[in-house]
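Any value given below was found using the heavy atoms of this structure, including those in side chains, with hydrogens, waters and symmetry copies removed. In what follows, chains carry the letters A, B, and so on, assigned in the order in which the sequence lines appear, proteins first and then strands, with residues in each chain numbered from 1.
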Protein chains: 2
Amino acid sequence: MESRIDRIKKQLHGASYKLTPQREATVRVLLENEEDHLSAEDVYLLVKEKAPEIGLATVYRTLELLTELKIVDKINFGDGVSRYDLRQEGAAHFHHHLVCIECGAVDEIQEDLLEDVEAVVEKRWNFQIKDHRLTFHGICWRCTEKHAEEKNKENVNNPNNNEDF
Amino acid sequence: MESRIDRIKKQLHGASYKLTPQREATVRVLLENEEDHLSAEDVYLLVKEKAPEIGLATVYRTLELLTELKIVDKINFGDGVSRYDLRQEGAAHFHHHLVCIECGAVDEIQEDLLEDVEAVVEKRWNFQIKDHRLTFHGICWRCTEKHAEEKNKENVNNPNNNEDF
DNA sequence: TGTTTAATGATAATTAATATCAAATGATAA
DNA sequence: TTATCATTTGATATTAATTATCATTAAACA
Ligand SMILES: [Zn+2]
Ligand SMILES: [Zn+2]
Ligand SMILES: [Zn+2]
Ligand SMILES: [Zn+2]
């Protein structure tokens, strides 16, 4: 954690920015909620817990800065809100997402999976890929399991249930 | 074109909606600009040319309705605006996009390309995929060509240019 | 220490999208 | 046709996310 912050500090310095206390507090919130997909507002509320004097504008500015430096990626899942996602250290590309249309959960896929597709696109469309966004919308494993359980319960209560036939 | 509108009309009726003159005008604008990626505001301005009495709210409502019926897909390329894209008739999935980070052009990929990836995701992550969004960010072929031309010109003007060594 | 520059916080302004509601339209049945 | 009822519309108010502004503060400098 500390070493991660140190490296981010160096990245900022490399682009002649400072890691101010407000920026550090913001980065810490992102690190502590690495698996979440927080909006600027979400980050603001969490940062305020440790640094109550921080302003919303500063959070927006910090997130913008981190995006510019490719420390975080900005993504929009279709609700009108931008969300901010720490990039895996050293990752060449942004990771992928599974958005559940039933429960709203957002799961991550860290594996690349797109290598072949990107080779085709670069060649056939003569397009130099710098980054990508890949999001699947569907039903997550938790919701699928829940459905199976419910169906089970139904059949126990009513063994002659023949909806399957 | 007319037959396409007829089929959309039937889709609306099937869901017990009417194809009102306002809705038809909106659909026509989408058909006439099929390769563009119009925002609600863009659509509004274009529709007003043929149906000046239409209100912005109606355009938003129509686009929402068409999205619900999967006649159009709503997509966001990272500027804060939703854009609306006619789905290919009969297409199972939304097509992919190439967004140029230099000139802003948005090109389309109609080929699926994701079949294998989706099979892996469905199995390994136990996720039932219903739809997807795939966007590549990079440099389009036009910008690449332009760069090549510029470099050429440079070398003609200054044959001893040795920046390549 | 004074001087310059960068960063911050409060708040105003902008913008996209949604909500509200009275009026218009359209289909339906007497 | 006319009365009736639900749907749709247009104008406008409202909400919500983001950006802009600007005076103040903090940091680097020399
Ligand atoms: Zn789920
Ligand atoms: Zn993520
Ligand atoms: Zn380009
Ligand atoms: Zn498209």
Got a list of side-chain donor-acceptor pairs under 3.5 Å for residues 99-111 of chain B, not counting sequence neighbours?
from    : atom 1 : to      : atom 2 : distance (Å)
E102(B) : OE1    : H147(B) : NE2    : 2.9
D107(B) : OD1    : R142(B) : NH2    : 3.4
D107(B) : OD2    : R142(B) : NH2    : 2.8
E108(B) : OE1    : Q110(B) : NE2    : 2.8
E108(B) : OE2    : H37(B)  : NE2    : 2.8
E108(B) : OE2    : H95(B)  : NE2    : 3.2

Quiz item: Can you tell me if OH on Y17(A) sees more than 12 non-hydrogen neighbours from other groups inside 6.0 Å?
Solution: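 No - once you tally the heavy atoms of other residues, nucleotides and ligands closer than 6.0 Å, there are 12 at most.
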Quiz item: Does atom NZ of K50(A) have more than 12 heavy-atom neighbours from other groups under 6.0 Å away?
Solution: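 For K50(A), atom NZ is crowded (more than 12 foreign heavy atoms under 6.0 Å).
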Which listed nucleotide ([options]) is nearest to the side chain of [X]?
X: Q22(A); options: dT8(C), dA28(D), dG26(C); answer: dT8(C)
X: R61(B); options: dG9(C), dT9(D), dA17(C); answer: dT9(D)
X: S82(A); options: dT18(D), dT8(C), dA17(C); answer: dT18(D)
X: K18(B); options: dG26(C), dT9(D), dA16(C); answer: dG26(C)
X: T20(A); options: dA7(C), dT9(D), dT18(C); answer: dA7(C)

Self-check item: Which residue lies more 5' along DNA chain C, comparing G55(A) with Y84(B) via nearest heavy atoms
Solution: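 Nearer the 5' end of the strand: G55(A).
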Self-check item: First of V59(A) and P21(B) reached from the 5' end of DNA chain C, by closest nucleotide
Solution: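 This one resolves to V59(A).
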Quiz item: So what does E53(B) touch, heavy atoms closer than 4.0 Å: a base, only the sugar-phosphate, or nothing?
Solution: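 Here E53(B) touches the backbone only, sparing every base.
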Quiz item: Base, sugar-phosphate, or nothing: which does L56(B) touch, judged by heavy atoms less than 4.0 Å apart?
Solution: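 Here L56(B) touches no strand at all.
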Can you tell me the distance, in whole Å, between the [atom1] atom of [X] and the [atom2] atom of [N]?
X: R23(A); N: dG9(C); atom1: CZ; atom2: C1'; value: 14 Å
X: Y60(A); N: dA13(C); atom1: OH; atom2: P; value: 18 Å
X: L38(B); N: dA17(C); atom1: CG; atom2: P; value: 13 Å
X: Y44(A); N: dG9(C); atom1: OH; atom2: P; value: 9 Å
X: K74(A); N: dT19(D); atom1: NZ; atom2: C1'; value: 10 Å
X: R83(B); N: dT15(C); atom1: CZ; atom2: C1'; value: 14 Å
X: K9(B); N: dG26(C); atom1: NZ; atom2: C1'; value: 13 Å
X: I54(B); N: dT8(D); atom1: CD1; atom2: C1'; value: 11 Å

Quiz item: For DNA chain C, what dot-bracket results from Watson-Crick or G-U pairs at under 3.5 Å, with [ ] for crossers and | for inter-strand partners?
Solution: ||||||||||||||||||||||||||||||
Quiz item: Without hydrogens or angle criteria, can the side chains of S3(A) and D6(A) be said to hold a donor-acceptor pair below 3.5 Å?
Solution: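 The answer is no; no qualifying pair exists.
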Quiz item: When you check the side-chain N and O atoms of Q22(A) and T62(A), is any donor under 3.5 Å from an acceptor?
Solution: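 No pair is found: no donor N or O on one side chain lies under 3.5 Å from an acceptor on the other.
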Self-check item: Pair H137(A)-H97(A), side-chain contact (heavy atoms from CB on, under 4.5 Å): steps then yes or no
Solution: CA-CA 9 Å; H137(A) 300 257; H97(A) 293 96; over 6 Å; no
Quiz item: Are any of S39(B)'s side-chain N or O atoms less than 4.0 Å away from OP1 or OP2 of dA16(C)?
Solution: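 For dA16(C), neither OP1 nor OP2 has a side-chain N or O of S39(B) closer than 4.0 Å.
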Quiz item: Hey, is E41(A) close enough to R83(A) for a salt bridge, meaning N to O under 4.0 Å?
Solution: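 Judged by the 4.0 Å cut-off on N to carboxylate O distance, E41(A) and R83(A) do not form a salt bridge.
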Quiz item: Does the pair L134(A) and L114(B) meet the rule for a side-chain contact (heavy atoms from CB on, under 4.5 Å), with working shown?
Solution: CA-CA 10 Å; L134(A) 174 57; L114(B) 284 184; 4.1 Å; yes
